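Worksheet for the structure shown next.
All values derive from a computational prediction rather than experimental measurement. In listed order, ligands and their atoms are each counted from 1.
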Amino acid sequence: MAQDQATWEYAPAPEGTGHIKLNKKYNLFIDGKWVVPSSKKYFETINPATEEVLAEIAYANEKDVDLAVKAARKAYTNVWSKMHASERAKYIYRIARLMQERAREFAVIESLDAGKTIRESRDIDIPLACNHFFYYAGWADKLEYAFPNRKVESLGVAGQIIPWNFPLLMAAWKIAPALAAGNTVVLKPSETTSLTALKLAEIIEESGLPAGVVNIVTGYGDTGAAIVNHPDVNKIAFTGSTAVGKLIQKAIAGTHKKSTLELGGKSANIIFEDAPIDQAVEGIINGIFFNQGHVCCAGSRLFVQEGVADKVIRKLKQRMESLYVGDPMDKNTDIGAINSKQQLDKINKYIQIGIEEGAEMYQPSCEIPSKGYFCAPTLFLDVAQSSVISQEEIFGPVLTIQTFRTVDEVIQKANNSPYGLAAGVWTDKGSRIFNLTTKLKAGVIWANTYNKFDPTSPFGGYKESGFGREGGMHGLSAYVKLS
Ligand code: NAP
Ligand code: MG
């Protein structure tokens with residue numbers, strides 16, 4: 001090993017699982033009660049790092065979704081919309097506090113069910129989810145300050161459908177602003193990661209939130225479609241793939257339903273010659289390998305200015321060599337398990353396409369566990385702008401690299417994508433950052449950092465990355481009618 005490639009062997013540091021409580025079987029949470037699904041059907045959720053079954057999850061069909069929407073409507077009309085806003089705020093605070101108290105249990109369950117590293121679920125997912133509830137609790141009785149001189153009304157029943165990459169965090173992004181604005185909720189988590197949404201339902205029960213204000217229905221894509229197509233839902237909030245987002249948009253066209261769609265991405269991370277190279281390399285690693293690349297805003301396309309390209313690539317490879325791939329429960333692990341076999345197959349298919357397209361592939365010599373779904377961090381050099389791997393969302397730890405000479409060239413290349421979710425700019429020059437932020441077609445642009453989130457800051461995309469914003473005051477406006 002070269003001298004500057006030194007890595008350290010760490011002793012295993014696995015997080016314990018003794019403190020978590022998981023049922024063997026989970027029913028649907030409707031109208032404040034745990035309800036057996038009308039189909040009597042259940043499906044298994046597994047730990048993608050070990051392929052072991054964690055629990056059985058109820059499958060909700062159209063009938064169950066109808067029950068949940070009816071419960072949400074009743075709770076909206078009779079209780080939640082009539083309650084004083086400061087009382088509603090107390091419930092949202094209580095949920096935040098209870099989640100915070102059980103943060104360690106949530107983190108472990110999230111890592112077991114989703115395959116993400118314990119470091120991420122402990123330090124990012126769960127604290128941020130709590131913070132979203134705290135933040136929106138604060139707004140609940142101050143809506144007239146969020147929208148001065150306007151009449152603010154809630155919408156009614158919100159149908160919310162979320163993906164598997166940040167299960168609890170996405171539930172928090174959806175539920176907290178909806179409740180703060182006075183709506184009631186029917187939420188469907190992804191079929192591979194329902195557990196933390198069900199644990200959240202337990203907390204909601206414990207908080208004493210009136211029955212029916214939040215309903216959690218688990219199931220497959222058709223459960224989501226039943227929410228979308230239900231005539232008594234006023235608003236659809238969806239986070240997931242662009243393909244399903246398009247289906248949803250078609251399904252609700254011509255109806256009264258309001259919608260926000262947070263969809264896919266193929267975000268550009270841009271390094272200029274005057275950038276602090278070591279920090280930039282760390283930011284690139286964080287931008288694409290964080291959460292196994294299962295991040296909608298992952299910095300999956302790297303653009304490096306020619307003068308520093310060799311240096312950046314050398315340092316990137318060196319840093320990749322020191323990444324630990326493996327047990328998500330180990331606190332030393334950098335890259336955990338891919339969420340499902342299906343997703344791993346998809347990533348491997350794209351890696352194969354990249355090789356066939358003639359790009360040069362680099363993977364470090366890391367050990368990959370023989371059981372479970374894992375993927376080595378992967379770099380593609382000499383990537384053509386028109387190649388499939390630089391155009392399509394892979395949603396895994398795969399980075400493409402292109403070089404550029406001028407600012408105009410990189411703006412044109414970065415914007416040459418059907419997506420527009422996020423971007424990163426690494427440079428010492430403030431004026432260049434401002435120039436790029438006005439010209440890059442991306443909803444979020446980070447300067448000299450990447451993948452930073454905060455409940456006060458809005459998040460959302462341009463073009464095929466969807467529309468509407470979540471987080472901050474903007475996130476509230478998606479759940480109110482203003483006149
Ligand atoms: P997905 O396949 O679109 O699924 C998202 C959710 O929709 C899941 O709960 C899914 O249920 C459900 N669903 C599937 N078909 C449906 C239909 N016809 N009608 C209604 N709901 C349906 O996406 P995913 O694979 O879970 O997540 C990855 C995608 O999410 C990526 O493209 C990523 O970029 C995007 N994402 C975007 C953001 C953002 O903020 N922009 C954030 C995170 C993720 P099942 O799981 O049961 O199929
Ligand atoms: Mg799972």
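Proximity of His294 to ligand 1, defined as any heavy-atom pair under 4.0 Å, is not found for any part of the residue. Counting heavy atoms closer than 4.0 Å to ligand 1, residue Phe238 contributes side-chain atoms (C-beta onward) but none from N, CA, C or O. Neither the backbone nor the side chain of Val295 has any atom closer than 4.0 Å to an atom of ligand 1 (non-hydrogen atoms only). Contacts with ligand 1 closer than 4.0 Å are made by no heavy atom of Cys297, backbone or side chain. If you look at Asn165 next to ligand 1, the close heavy atoms, those under 4.0 Å, all belong to the side chain. Under 4.0 Å from ligand 1, the heavy atoms of Val244 that appear belong solely to its side chain.
The nearest heavy-atom contact from the protein to atom 2 (O) of ligand 1 is Ser241 OG, 3.9 Å. Closest to atom 8 (C) of ligand 1 among all protein heavy atoms lies Ile162 O, 3.4 Å. With respect to atom 11 (O) of ligand 1, the closest heavy atom belonging to the protein is Lys188 NZ, 3.1 Å. Counting only heavy atoms of the protein, atom 27 (O) of ligand 1 lies nearest to Pro163 CB, 3.3 Å. Here the heavy atom of the protein found nearest to atom 28 (C) of ligand 1 is Phe395 CE2, 3.5 Å. Of all protein heavy atoms, the one lying nearest to atom 13 (N) of ligand 1 is Gly221 CA, 3.7 Å. Protein heavy atom nearest atom 46 (O) of ligand 1, with residue, atom name and distance: Ser190 OG, 2.8 Å. In this structure, the protein non-hydrogen atom closest to atom 32 (O) of ligand 1 is Glu393 OE1, 2.7 Å.
Taking the ring axis of Phe106 as reference, the NZ or CZ atom of Lys199 does not stay both within 45° of it and closer than 6.0 Å to the ring centre. A cation-pi contact, defined as under 6.0 Å to the ring centre and within 45° of the axis, links Lys25 to Tyr42.
Under 4.0 Å is where a charged nitrogen must lie from a carboxylate oxygen, and between Glu202 and Arg102 at least one such pair does.
In this structure, the salt bridge (Lys or Arg N to Asp or Glu O under 4.0 Å) partners of Asp125, at least two apart in sequence or on a different chain, are Lys116.
Taking a 4.0 Å cut-off on heavy atoms, Pro189 registers as neighbouring ligand 1. Within the structure, ligand 1 has Phe459 among the residues with a heavy atom less than 4.0 angstrom away.
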Contacts table for residues 334-341: side-chain donor-acceptor under 3.5 angstrom, sequence neighbours left out:
unit_1: Asp334; atom_1: OD1; unit_2: Arg119; atom_2: NH1; d: 3.4
unit_1: Asp334; atom_1: OD1; unit_2: Arg119; atom_2: NH2; d: 2.9
unit_1: Asp334; atom_1: OD2; unit_2: Tyr324; atom_2: N; d: 2.8
unit_1: Asn339; atom_1: OD1; unit_2: Thr192; atom_2: OG1; d: 2.8
unit_1: Asn339; atom_1: ND2; unit_2: Ala114; atom_2: O; d: 3.2
unit_1: Ser340; atom_1: OG; unit_2: Gln343; atom_2: N; d: 3.1
unit_1: Lys341; atom_1: NZ; unit_2: Asp345; atom_2: OD1; d: 3.4
unit_1: Lys341; atom_1: NZ; unit_2: Asp345; atom_2: OD2; d: 3.0

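Among the atoms of Glu191, some N or O lies under 3.5 angstrom from an N or O of ligand 1.
Checking side-chain atoms of Asp113 against main-chain N and O of Ile109 turns up no donor-acceptor pair under 3.5 Å.
Atom NZ of Lys481 is surrounded by 12 or fewer heavy atoms from other residues, nucleotides or ligands within 6.0 Å.
At least one side-chain heavy atom of Ile351 sits under 4.5 Å from a side-chain heavy atom of Gln363. When side chains are defined from C-beta on, Cys297 does not count as touching Ser465, because their heavy atoms never get closer than 4.5 Å. Looking only at side-chain heavy atoms (C-beta outward), Thr449 and Asn286 stay at 4.5 Å or farther from each other.
Taking the six-membered ring where the residue is Trp, Tyr135 and Trp139 present perpendicular rings, their angle passing 60° and hence far from 30°.
Atoms O of Thr192 and OD1 of Asp113, as seen from the Mg ion (ligand 2), are separated by an angle of 90°, to the nearest 10°.
Ring centroid separation for the pair Phe166 and Trp173 does not come in under the 6.0 Å cut-off. Side-chain rings of Phe43 and Tyr220 approach one another, their centers coming within less than 6.0 Å.
Applying ring-ring contact (aromatic ring centres under 6.0 Å, His included) to His294 and the options Phe289, Tyr373, Trp164 leaves one that passes, Trp164.
Near Thr239, meaning under 4.0 Å from any of its heavy atoms, are these atoms of ligand 1: 5 (C), 36 (N), 37 (C), 38 (C), 39 (C), 40 (O), 42 (C), 43 (C), 44 (C). For ligand 1, the atoms closer than 4.0 angstrom to any heavy atom of Gly219 are 47 (O). Each of the following atoms of ligand 1 lies closer than 4.0 Å to a heavy atom of Gly264: 32 (O), 34 (O). For ligand 1, the atoms closer than 4.0 angstrom to any heavy atom of Ile161 are 6 (C), 7 (O), 9 (O), 12 (C), 21 (N).
The Mg ion (ligand 2) does not have Ala114 among its coordinating residues (no N/O/S atom, backbone or side chain, under 2.8 Å).
Looking at every heavy atom in both residues, Asn291 comes nearest to Glu120 through N-OE2, 2.9 Å.
Counting only non-hydrogen atoms, the option in Phe43, Trp173, Tyr59, Trp164 that gets closest to atom 26 (O) of ligand 1 is Trp164. Evaluated by nearest non-hydrogen atom to atom 35 (C) of ligand 1, the leading choice among Ser465, Ala298, Gly224, Gly240 is Gly240.
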